[in-house]
Amino acid sequence: MRPLACLLALLAAASGCGTPPNQRVLTRTSTYMKAMSLGTPTGYPLDLPELESRFPELKGIVITAPMWIDEYEKLKKDADLRGAPLYEYRLPYGANLTIEVTGESALTRTYTVPPTGYVHYPYLEKLKLVGRTVDEVKAGLERDLSLYIKKPEVLVHINTTPYQPNIVQPFFQQSFGGADIVVMGASSTRFYSNVSFTGKETLVGVLGITNLPENAEWRQIRIIRRDAKEPLRKSRVIVCDLWDYFAKADVRQDIPLAPGDVVFVPVRWSTDDQFWEDWGYVKRIVDDMFFVDKFRDGLKKGGELRN
């Protein structure tokens, strides 16, 4: 009876193991279609006030998708007023490009951006490529070459980028190299580790080409967006709730993505998952207890036989 009593005690203890009342343990539905149905939502959305109370340093860093949409609209309006794109393509290390000067075939050069970021070009000692836009490279060359050529007209063609080294595609179909969108967590893309950024990507569009397991948590998908100039002040972790998107038609959850975004899909932890993890722990202890009892009984029987 001792093993049975211990088993019952351990089961009673395990029923509360790892399940603090902080809304992290969720109820799992049998299929994803049920999870995305119009019925009772599966899981819990982000409790932003609770998060900020526990980690005050994250205030303003972690935001919800609707909060980001408000911020995004202001940024887009400012970019439109400046006549500049919201997200600029800057040449990454490893990008391959061709520079031409109209009427000057001897000045046509093809380069792969080296680790130094600089290449040698006729008439110029060094030409910086990495981190510059195509327009900046073009304007700089036309200015510098004007000392040697009358009214030079420079053309810059992007051939390939680091993640597509052997494929020549139209520019609008190309990957933005080091600024691609990275998918991590419980999901993975079907063909590549990264998703090519073309300027039209949204969260739902990117997740549509990924494999999502049944235990993925759609209510707290995180988009980590790091600001290169001010990472500690302007970086954001945007939390999107796709149950709200599918069940409530809240299109704000399908946020537009930016080059360099990391889309992280967390695992949805359920009471089922918690039970089986606790049960595995209990089973190991019980097996050890039964082994000790059997071993002790064996010693007793061995002693009786010898007597």
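Here the structure is a predicted model, which means the values were calculated and not measured.
- Residue Q253 comes nearest to A65 through the heavy atom pair OE1-CB, 3.4 Å, listed as atom of the first residue, atom of the second, then distance.
- Residue D254 comes nearest to G205 through the heavy atom pair OD1-N, 4.4 Å, listed as atom of the first residue, atom of the second, then distance.
- For K77, there are no salt bridge (Lys or Arg N to Asp or Glu O under 4.0 Å) partners two or more places apart in sequence or in a different chain.
- At a threshold of 4.5 Å between side-chain heavy atoms, the hydrophobic network of Ile, Leu, Val, Met, Phe, Trp and Tyr places I238 and L58 in one connected group.
- Inter-residue side-chain proximity for V113 and P92 is flagged as unmet; no heavy-atom pair is nearer than 4.5 Å.
- Closest of all the heavy-atom pairs between I255 and R252 is CG2-O, 3.3 Å.
- In this structure L48 satisfies the side-chain contact (heavy atoms from CB on, under 4.5 Å) test together with L46, L51, E52, V62, T64, M67, sequence neighbours excluded.
- Judged by distance alone, with hydrogens and angles left aside, the side-chain atoms of D261 form no donor-acceptor pair with the main-chain N or O of R225 at under 3.5 Å.
- Considering only residues two or more places apart in sequence or on other chains, D78 meets the side-chain hydrogen bond (donor to acceptor under 3.5 Å, both in side chains) condition with none of them.
- The minimum heavy-atom distance between I221 and P266, with the atom names listed, is CA-CD, 4.1 Å.
- Remark: D80 engages K76 in a salt bridge, criterion side-chain N to carboxylate O under 4.0 Å.
- Hydrophobic clustering (side-chain heavy atoms under 4.5 Å, transitive across Ile, Leu, Val, Met, Phe, Trp, Tyr) keeps L81 apart from L75.
- Sorted by first and then second residue, the salt bridge (charged side-chain N to carboxylate O under 4.0 Å, His left out) pairs with a member in residues 130-140 read R90-E136, K138-E142; sequence neighbours excluded.
- More than 12 heavy atoms of other residues, nucleotides or ligands lie within 6.0 Å of CD in E57, so this atom counts as buried by the packing criterion.
- Within the 4.5 Å cutoff, the side chain of L141 has heavy atoms near those of the L124 side chain.
- In this structure, the side chains of Y123 and L107 come closer than 4.5 Å at one or more pairs of heavy atoms.
- Scanning for side-chain contact (heavy atoms from CB on, under 4.5 Å) contacts around A139 gives an empty result, with sequence neighbours left out.
- By the 4.5 Å heavy-atom criterion applied to side chains, E71 and I63 are counted as neighbours.
- Distance alone, capped at 3.5 Å, places no donor-acceptor pair between the H120 side chain and the L127 backbone.
- Among residues at least two apart or in separate chains, side chain to side chain donor-acceptor pair (under 3.5 Å) pairs with a member in residues 105-118 are N96-T112, T98-T110.
- Of all heavy-atom pairs between G185 and F264, the closest is CA-CE1, 3.5 Å.
- Between L91 and the choices V130, V156, V137, the side-chain contact (heavy atoms from CB on, under 4.5 Å) rule is met once, by V137.
- I158 and L155 are not part of a single hydrophobic cluster, where members link through side-chain heavy atoms under 4.5 Å apart.
- In this structure S146 satisfies the side-chain contact (heavy atoms from CB on, under 4.5 Å) test together with P152, sequence neighbours excluded.
- Residues passing the salt bridge (Lys or Arg N to Asp or Glu O under 4.0 Å) test with R222, sequence neighbours excluded: none.
- A heavy-atom distance below 4.5 Å is found between the side chains of L242 and L207.
- Within the structure, the salt bridge (charged side-chain N to carboxylate O under 4.0 Å, His left out) test picks out the following pairs touching residues 237-246 (sequence neighbours left out): R219-D241, R219-D244, D244-K248.
- With sequence neighbours excluded, the residues satisfying side-chain hydrogen bond (donor to acceptor under 3.5 Å, both in side chains) with E100 are H157.
- Residues Q220 and V239 come closest through the heavy atom pair CA-CG1, 3.8 Å.
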